[in-house]
Peer 1: 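Take this structure, written in structure tokens, and hold onto it; I'll ask about it next.
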Number of protein chains: 2
Amino acid sequence: MKSVGIRDVAKAAGVSITTVSHVLNETPNTRTSESTRERVRDAASELGYSPNRLARGLRTRSSGMIGLLTEDIATTPHAGRIILGAQEEASSHNLTLAIINSHVDAGAAARRADARELIERHADGIIYATVFHREVSVPVELRAVPAVLIGAVDVQGLVPAVLPDEATGAANLTALLVAAGHRRIGFTNSSVDVPATRGRLIGHLRALAQAGIARDDSLIVSGLSEASGGYAATLELLSRRDRPTAVFCYNDRMAMGAYRAAAELGLHIPRDVSIVGFDDQAPIAESIHPSLTTVALPHYEMGAWAVATLTRLIQGSSDAWYLSTHPTLMQCPVVERHSVGPPQLVKSISNSATDLNL
Amino acid sequence: MKSVGIRDVAKAAGVSITTVSHVLNETPNTRTSESTRERVRDAASELGYSPNRLARGLRTRSSGMIGLLTEDIATTPHAGRIILGAQEEASSHNLTLAIINSHVDAGAAARRADARELIERHADGIIYATVFHREVSVPVELRAVPAVLIGAVDVQGLVPAVLPDEATGAANLTALLVAAGHRRIGFTNSSVDVPATRGRLIGHLRALAQAGIARDDSLIVSGLSEASGGYAATLELLSRRDRPTAVFCYNDRMAMGAYRAAAELGLHIPRDVSIVGFDDQAPIAESIHPSLTTVALPHYEMGAWAVATLTRLIQGSSDAWYLSTHPTLMQCPVVERHSVGPPQLVKSISNSATDLNL
DNA sequence: CTGAAAGCGCTTACAG
DNA sequence: CTGAAAGCGCTTACAG
């Protein structure tokens with residue numbers, strides 16, 4: 001199966017390969033008679049010609065490929081959406097997405113080797129995405145090409161980054177709770193100190209302040225960022241005499257545990273207590289009963305932003321410096337479902353059985 | 001930043017580029033003195049030379065890239081593991097993985113365009129992965145290159161495929177239930193008819209037969225393959241006078257609903273009823289309480305198999321025909337956690353409250 | 001054991 | 001408005 005090349009099209013159209021190249025690429029500043037153009041296009045489509053990207057890349061020194069370097073991300077549940085956003089944006093720019101994953105603990109050397117591989121293949125740009133929102137020291141290899149970061153910020157401030165705006169997302173979520181009437185809101189935080197932990201708490205506190213609700217640190221309890229941690233923390237919170245009427249869980253997995261704690265205490269969600277999570281993690285948030293009100297992380301959008309920004313950088317946009325020094329924050333939308341209701345009107349005595357007897 | 005080429009290495013080592021190419025590629029049937037080889041290697045590493053894959057690809061008519069064509073798969077929770085398996089296997093063969101995703105409903109035309117794009121870039125092989133185990137008609141474009149299918153079987157039997165061995169996985173899971181002492185096992189199936197639905201039921205039935213347990217179709221009830229469907233089906237099953245002592249749910253999401261049904265009936269898992277799922281879907285299976293005994297889908301393995309097989313095909317292996325006509329089945333391992341226990345010893349009266357009074 | 005040379009399939013000054 | 005020719009950076013017969 002001999003593949004058809006530009007030469008075949010030229011011959012069929014009775015023109016030179018130069019002309020074929022010009023008309024097919026619509027080279028600017030090139031005049032070609034309409035009749036020739038038509039002949040060329042007809043010949044090309046008749047022969048089913050499609051240019052060899054390798055040859056073109058060799059000549060133009062650009063591969064039309066962008067590399068996505070991930071750090072264990074393919075194993076996290078969110079990964080798919082980052083990849084999807086990046087891939088679709090890439091397609092729309094006629095770019096191909098190549099993926100390389102290294103394990104988080106593989107170390108800097110592995111990451112540099114991966115970067116090098118992408119460079120050998122003449123990636124036009126590289127996206128570096130980390131599992132958790134954190135600070136990284138970008139491999140020097142990436143200095144050689146346009147690069148952007150997803151979910152991480154470069155300690156040296158040399159490469160543009162997108163980050164989820166956790167604080168605003170959290171603030172909006174808390175505001176929703178406040179709007180429903182809650183004033184005593186528990187917060188079960190993750191005990192590991194990462195930007196997400198800090199950001200979510202900050203947003204929560206900010207919304208409280210804005211609503212004129214006094215900060216009460218006894219309402220903030222932290223634990224493992226898993227269902228088990230959420231269970232323990234929420235159990236503690238809801239067992240108090242003056243238990244909160246709502247609890248904001250650091251993430252959806254913790255919220256799963258919070259549901260169990262509430263059930264064990266005989267508390268009905270959202271009648272007796274409102275629960276909210278963060279991450280909009282599939283399939284938990286939707287599948288749990290009642291379905292969970294939470295905030296979504298903009299993975300798709302960050303993926304798309306990354307390649308959109310990269311294409312600007314590749315085209316030599318002058319935003320580079322500005323972008324590098326000002327991380328882009330992506331909004332995290334609140335997803336309202338069914339785990340929030342108004343607070344109980346009656347002052348509960350410590351146990352919801354009382355309510356049932358009203 | 002002028003990048004270093006083979007010419008620079010040749011000059012530095014005082015040899016021809018031919019020689020550089022031979023020593024660096026370790027071309028077979030080529031004698032080069034050890035001293036020359038050493039000089040070349042030193043020069044190459046000193047200059048930080050890495051070959052331009054585009055140029056090499058143009059010359060050798062192979063890009064060293066393999067394409068992964070997915071069908072909405074990046075949006076499914078499992079996707080990451082397929083990509084990861086494929087990517088790691090690709091790395092080990094010095095291949096790069098390019099990903100293109102099309103929406104399931106984008107139609108055949110979109111898929112063909114995607115295949116074409118991969119071919120323009122001279123993908124050495126293409127993997128086509130579908131979201132759900134099903135039959136597909138492979139785009140003709142794929143006939144031009146080695147191709148394999150993940151999770152789907154080609155209606156025309158022309159391309160090799162890997163599929164999860166759902167039946168065996170299900171049989172093993174049911175066998176585990178039987179081993180625990182269960183003889184009345186409910187089965188909540190998905191009401192949509194796909195290979196997975198059929199395979200899981202077949203495996204279940206096979207294990208029952210093997211254990212000498214009479215088939216009782218009243219124990220098989222189907223519904224939506226979501227938590228809500230599992231809830232309804234399980235509620236029905238467990239409300240019967242002679243309720244099953246265990247229920248096998250078509251998937252983990254249905255199992256989530258089953259948990260809720262059991263809780264509502266006051267049935268404790270696994271004391272009063274055992275529940276098992278299928279998919280080992282993160283983060284449900286682990287996070288739910290008690291953690292769910294289920295069977296894992298071999299996504300990583302299928303991804304790795306796909307590229308391993310592709311490399312054999314690319315090298316002209318003669319297995320092609322055999323592989324095309326015999327889909328490869330990948331084992332689905334049972335993952336034991338905490339949702340299975342022995343059946344209740346007492347004959348229940350219809351309501352577990354009775355048990356509590358023993 | 002080593003090298004000169006052709007050629008992979010394009011794009012792009014440059015000339016006409 | 002159109003084309004001849006150089007060249008991107010490699011690999012690979014082929015000759016010596």
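As the structure is a prediction and not an experimental result, all values here were calculated from the model.
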Peer 1: Please tell me which of the listed nucleotides, D:dG3, C:dC10, D:dG9, lies nearest to the side chain of A:Ile17?
Peer 2: C:dC10
Peer 1: Whole-Å distance between D:dG9 C1' and A:Ile119 CD1?
Peer 2: 18 Å
Peer 1: Figure out the CD/P separation between B:Glu120 and C:dG9, and round it to whole Å.
Peer 2: 15 Å
Peer 1: Before giving the answer on side chain to side chain donor-acceptor pair (under 3.5 Å), spell out for B:Glu88 and B:Ser92 the whole-Å C-alpha distance, their side-chain angles and the decisive distance to 0.1 Å.
Peer 2: CA-CA 6 Å; B:Glu88 294 197 340; B:Ser92 80; over 6 Å; no
Peer 1: When all nucleic acid strands are considered with a 4.0 Å heavy-atom cut-off, which category describes B:Thr18: base, sugar-phosphate, or nothing?
Peer 2: base
Peer 1: Would you mind reading off the distance between A:Arg53 atom CZ and C:dT11 atom P, rounded to a whole angstrom?
Peer 2: 10 Å
Peer 1: Return the value, rounded to whole Å, for the distance between atom CG of B:Leu58 and atom P of C:dA6.
Peer 2: 17 Å
Peer 1: Is the closest side-chain donor-acceptor distance between A:Gln315 and A:Thr311 under 3.5 Å?
Peer 2: no
Peer 1: Would you indicate what A:Ser21 reaches in the nucleic acid, counting non-hydrogen atoms under 4.0 angstrom: base, sugar-phosphate, or nothing?
Peer 2: base
Peer 1: Is there a donor-acceptor contact under 3.5 Å linking the side chains of A:Ser16 and A:Thr19?
Peer 2: yes
Peer 1: May I ask which nucleotide in the shown strands pairs with C:dA4, Watson-Crick or G-U wobble, both distances under 3.5 Å?
Peer 2: none
Peer 1: Does B:Ser16 or B:Arg59 map to a spot on DNA chain C nearer the 5' end, using the closest nucleotide for each?
Peer 2: B:Ser16
Peer 1: Going by atom types alone, do B:Arg116 and A:Ser50 pair a side-chain donor with an acceptor below 3.5 Å?
Peer 2: no
Peer 1: Specify the separation, in whole Å, of atom CG of B:Asp8 and atom P of D:dG9.
Peer 2: 9 Å
Peer 1: Compare the minimum distances between each of D:dG3, D:dC10, C:dG9 and the side chain of A:Val15, then state the nucleotide with the smallest one.
Peer 2: D:dG3
Peer 1: How many whole angstroms separate atom CZ of A:Arg61 from atom C1' of D:dG9?
Peer 2: 9 Å
Peer 1: Classify the nucleic acid contact of A:Thr27 as base, sugar-phosphate or nothing, counting any heavy atom under 4.0 Å across all strands shown.
Peer 2: nothing
Peer 1: Heavy-atom nearest nucleotide on DNA chain D for B:Leu54 versus B:His22: which residue maps closer to 5'?
Peer 2: B:Leu54
Peer 1: Would you say B:Thr60 reaches C:dC8's phosphate, i.e. side-chain N/O to OP1/OP2 under 4.0 Å?
Peer 2: no
Peer 1: For A:Ser33, report the nucleic acid contact type (base, sugar-phosphate, nothing); a contact means any heavy atom under 4.0 Å.
Peer 2: sugar-phosphate
Peer 1: Taking 4.0 Å as the cut-off, does a side-chain nitrogen or oxygen of A:Thr19 come that near to OP1 or OP2 on D:dT2?
Peer 2: no
Peer 1: Distance-only, no hydrogens or angles: does the B:Glu89 side chain make a donor-acceptor pair with backbone N or O of B:Val307 under 3.5 Å?
Peer 2: no
Peer 1: Where the side chain of A:Asn52 is concerned, which of C:dC1, C:dC10, D:dT12 is the nearest nucleotide?
Peer 2: C:dC10
Peer 1: Using whole Å, report how far CG of A:Asn29 lies from P of C:dT11.
Peer 2: 17 Å
Peer 1: Before accepting this row, confirm whether a basic side-chain N of the pair B:Glu34/B:Arg37 lies closer than 4.0 Å to the acidic partner's carboxylate O.
Peer 2: yes
Peer 1: Watson-Crick or G-U wobble partner for D:dA13, using a 3.5 Å limit on both distances?
Peer 2: none
Peer 1: Please report the distance, rounded to the nearest Å, between CG in B:Asn25 and C1' in D:dG9.
Peer 2: 13 Å
Peer 1: Starting the side chain at C-beta, find the nucleotide from D:dT2, D:dG9, C:dT11 nearest to A:Arg56.
Peer 2: C:dT11
